[in-house]
Amino acid sequence: MVVSPHVADATARVDVDQPASEGGSDNGETADERRPLVDLFGDLRTSRAGLSVREAARRLVVYGPNTLSRRTGRRWPRELLGQFTQPLAILLALAAVLAWFGGSPALAVAVVAVILLNAGFAFVQEMQAERAVEALAAFLPATTRVLRDGIRTEIAARDLVPGDVLIVAEGDRVCADARIIDGSLVLDLSALTGESLPATRSAGPADAGISLLEATDLVFSGTTCTGGEASTVVTRTGMHTELGRIAALSQRGAAERSPLERQVRRATWIIAVVAVVVGVLFLPVGVWAGLGWAAAISFSIGLIVANVPEGLLPTITLALAAGVRDLARRGAVVKRLSAVETLGSTTVICTDKTGTLTENRMRVTHLWLPGAEYDTTSAAAVDDTAAGALAAAAAACTTAQPPTGAQPAGSGDPTELALLRLAEELNVAVAPSGRDTARRAVFHFDAHLKRMSTVDEDAGTLVIRTKGALETVLPCCGQILDRQGRPQALDESIRLELQHALDRYAARGLRVLAVAARTLDHDQPAPADRQQAESGLTLLGLVAMVDPPRAGVAAAVVAAHRAGIRIHVITGDYGPTAAEIARQVGLGHEGRRIVAGDELDRLSDTDLDTILAGNDEIVFARVSPEAKLRICEALRAQGETVAMTGDGVNDAPALRHADIGVAMGRSGTDVAREAATMVLTDDNFATIVVAVDAGRRVFDNVRKFVLYIFAHAVPEVVPFLIFALSGGAIPLPLTVLQILAIDLGTETLPALALGREPAEPGLMDRPPRPRAAGVIDRALLLRAWLLLGGVSAVLVMGGYLFTLWRAGWHPGDPTGAGTPLHHAYLQATTITFAGIVACQIGTAFAARTDRASLFTIGLFSNRFLLWGIAFELVFTAAVIYAPPLQGVFGTAALSPAQLAIIAPFPVIVWGVDELVRWVRRRAPHPQDEVRP
């Protein structure tokens, strides 16, 4: 695409090219963007040099931030109502209805209160989780480039104001409505028009008689630039843009539920159905066994309430949100909760090289010219006119901006910044202002062609300069410049010498660029297209630069391998160069396989599947965006969970198709960041492995509190079963209100604390879990219901029966109010209640690890759990010893001897589980074998 920066209105007034004066008029939002450019500048009180910093700050106060307002205040009634339609809430409502018609209005009111409390608690948790995730936008502030005081500056997109001169380039998301001053763009307007075909927009006379969206010189907020570069003047911002006018685009869709949440939701429905079926079946059984209808209904309500794991769904949501916040603090911004779960099952990482495995801080180290090579790390040793010409040509064929006071690091591609530094070090510096003024056209870097070209005016003559991969630049050249500046034919010996130099540099991990040029005849116009420009060139030489591996990447690769994750390198760089970087960070093995882009294109899908099915880690070099997508789809078809990195516009399809699309926060384009699931704020590969570790930890923690919640359902249900099956001969060991006190009063805080549990030792030494593996599986249910729940049920029923027996009770003896055994019965039910709480404590400690011993992570390493248990004990003591609560919950004070009965319960529950885990650790485990 040709970008011609000199298509501006020829009638521009002299003052248009002067900086905007202070205190301009405030009619920017009503400026007619179709007026002639000179008049538009006047209306906006701006110029080609942009606004001054002071004037921009003043206008920001006048017009407000460049953001779209969202109407979210009225969402809460719908969100709150949704809490009452959860399957568990419906189940409790059924229990309340049964209690009311069964002659227990007080119990019905208590159950309704539970529904209200649980819904309110869940609503508050989910709203907090949503706000926490939305607040992560602060980690990824949208930025854009503008001219302020005539200097190109990067600012927050929300600080744009009418009159700003906005620079739009390939990969940018347009963040305001604007009129093109000069240049040409290819835009994706689908966000506004729904049209998927790209549209070309360029500077020129204002269009009349057509709609704004069809105007060929206007760009709009919400669209994305897929090619070209242009400077534009901002006409409208915020809610005044076309995007802001379309109300439908401001409506947020329903939040996507993660597979984990969907699975748990299905499980809760299963629990609800089972509870209802069991309750209905045992209702006639209880009556047949001699219970009255009131007692049978009370029994059915007890079964239903005992099977309801209140707070399960909001606790999961909160655990996922906590994982997202933790990842953000560690450099990985996850854009939706569902991604946290997926991260933990990643089996393959497809990573770029530059900026991800490497530092993305290029430095030119060598120059190659016919018959000469120079080490540029000692610039004083480079005293060659031809070397200076090579460096100057390479620097001229750039669009990057070198460091300034406003931007100490500069802006633009790191490779181009390195070329600008080289020219400065060799005393042939290329001033960006002069470079941009002399530019007549630019053919931007093409991911398929692997080269870019510029057409610049030099002393009245047009010069074409091209830089890119040697294999793509060399076919465009017919000759090479010798040391004396004379062209000579590119014969076979020179081509062989070039290839040897390329391989030698690549073997040392250097990136190599070829630079070529052509001077046009004095009367020859600028080329009309790329093919015409990039032909008949003269090769000037090679530039080799180093981009060293990032610190910490090698250790991250070791951790990934230990976790059973394979890593493929997919790069546009030269194969041997990428392979050397891969070797330095520990990827692959000696003789690692390199698949070049042309070889990949020739492979059939079956051949590609065969290559990817092995355990090798492959370097895919000179890969096109389509090939990157093809690799991703092939891996997913084999059942792999793929994390794919990318930073360019053309990476967007692969990022969308991957299970986890990972974009670069610093070097990545807006398009890539929008398409990705996760954005690395530090562009570091090691952060991906950190995210996988966090994803596994979150998944494990969800299993821990699901185990904890499910385990104590058994000791809550068993007392009702014994009561029913004995026909009432054994009085009810537990009341419904005591169950509610356990589920709402003592369970919640420890469950939340388990969601904050540190990673279990060996977490990253395990292979990834299969895609189909769920959080609730047979092993978890057996451990919860048979092991932990079964031991707890035996203990609490033993304590209950022992207490009654000590008081002289025999089966069938009356224990109602006014009977001699009534106080002993109250103490026995209190033993059951307190025993379940004690077993909960043991279960909480047992649930902290899946296979490892609790001693490997420390008894007191989770302070949140300790505080939760402390609250649990205080609440239990209040229910047992506070007279007002004794009447409500049907409890009685326990003696020290009775407390001594339940004191060992936590240790017994934890000890049995610890013993089983010890046996499991010594038995072979099929998932312990990590893939090579």
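Below, each value reflects all heavy atoms present in this structure, side chains not excepted, and no hydrogens, waters or symmetry copies. No experiment lies behind these values; they were computed from the predicted model shown. In this chain, numbering begins with 1 at the start of the sequence shown.
- Residues satisfying the side-chain hydrogen bond (donor to acceptor under 3.5 Å, both in side chains) test with T815, not counting sequence neighbours, are none.
- In this structure, the separation between CG on L826 and OG1 on T735 is 10.0 Å, given to the nearest 0.5 Å.
- Rounding to the nearest 0.5 Å gives a distance of 10.5 Å between CD1 of I739 and OG1 of T832.
- Looking at I709 and V706, their side chains never come closer than 4.5 Å, going by heavy atoms from C-beta outward.
- Contact record, P715 with A711: CD-O, 3.3 Å, taken as the closest heavy-atom pair.
- Between the CG atom of L915 and the CG atom of L787 there is a distance of 9.5 Å, given to the nearest 0.5 Å.
- Atom NZ of K704 and atom CD of E760 lie 5.5 Å apart (nearest 0.5 Å).
- For H823, the side-chain contact (heavy atoms from CB on, under 4.5 Å) partners are Q827, A892, not counting sequence neighbours.
- Among residues at least two apart or in separate chains, ring-ring contact (aromatic ring centres under 6.0 Å, His included) pairs with a member in residues 886-922 are F855-W910.
- Minimum heavy-atom separation, F845 to L859: CE2-O, 3.4 Å.
- Between Y800 and Y825 there is a side-chain heavy-atom pair separated by less than 4.5 Å.
- Proximity of L801 to I730: side-chain heavy atoms (C-beta onward) are separated by under 4.5 Å at one or more points.
- L749 pairs by the side-chain contact (heavy atoms from CB on, under 4.5 Å) definition with L752, F871, not counting sequence neighbours.
- In terms of the ring-ring contact (aromatic ring centres under 6.0 Å, His included) criterion, F860 has no residue partners (sequence neighbours excluded).
- Environment of CZ in R697: crowded, with over 12 heavy atoms of neighbouring residues, nucleotides or ligands closer than 6.0 Å.
- Take A870 and apply the side-chain contact (heavy atoms from CB on, under 4.5 Å) test, not counting sequence neighbours, and it matches no residue.
- Between the CG atom of L327 and the CG atom of D693 there is a distance of 9.5 Å, given to the nearest 0.5 Å.
- Looking only at side-chain heavy atoms (C-beta outward), Q840 and P750 stay at 4.5 Å or farther from each other.
- Here the side chains of E747 and I836 are not in contact, with every heavy-atom distance at 4.5 Å or above.
- The side-chain heavy atoms of D326 and V698, taken from C-beta on, include no pair separated by under 4.5 Å.
- Annotation: the span from N862 atom CG to W867 atom CH2 amounts to 13.0 Å, rounded to 0.5 Å.
- When side chains are defined from C-beta on, D813 does not count as touching L804, because their heavy atoms never get closer than 4.5 Å.
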Could you walk me through whether V796 and L734 satisfy the side-chain contact (heavy atoms from CB on, under 4.5 Å) test, starting with their C-alpha distance in whole Å, then the side-chain angles of each, then the deciding distance to 0.1 Å, before giving a yes or no? CA-CA 10 Å; V796 297; L734 191 68; over 6 Å; no
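- When all heavy atoms of P719 and P733 are compared, the pair lying nearest together is O-CD, 3.3 Å.
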Output side-chain donor-acceptor pairs under 3.5 Å for residues 879-886, partner residues at least two apart or in another chain, one line each.
from: Y881; atom 1: OH; to: L894; atom 2: O; distance (Å): 3.0
from: Q886; atom 1: NE2; to: I880; atom 2: O; distance (Å): 2.6

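- Evaluation of the salt bridge (Lys or Arg N to Asp or Glu O under 4.0 Å) rule for R917 yields D913, E914 as partners, not counting sequence neighbours.
- Nearest heavy atom pair, residue Y708 against residue T746, reads OH-O, 3.9 Å.
- A salt bridge links D700 with R766: the distance from a Lys NZ or Arg NE/NH1/NH2 to an Asp or Glu carboxylate oxygen falls below 4.0 Å.
- Judged purely by atom type and a 3.5 angstrom limit, R756 has no side-chain atom pairing as donor or acceptor with the backbone of F864.
- Here V794 pairs with nothing under the side-chain contact (heavy atoms from CB on, under 4.5 Å) rule; sequence neighbours left out.
- For G890 against T830, the heavy-atom pair with the smallest separation is O-OG1, 4.4 Å.
- Scored by the side-chain hydrogen bond (donor to acceptor under 3.5 Å, both in side chains) test, R806 finds no partners at all (sequence neighbours excluded).
- Under the salt bridge (Lys or Arg N to Asp or Glu O under 4.0 Å) criterion, E757 pairs with R848, sequence neighbours left out.
- When all heavy atoms are compared, the tightest approach of I857 to P761 is CG2-CD, 3.2 Å.
- For the pair T843/S792, a side-chain contact is recorded, criterion being any heavy-atom separation below 4.5 Å from C-beta on.
- The backbone N or O of R851 sits nowhere less than 3.5 Å from a side-chain atom of R920 that would complete a donor-acceptor pair.
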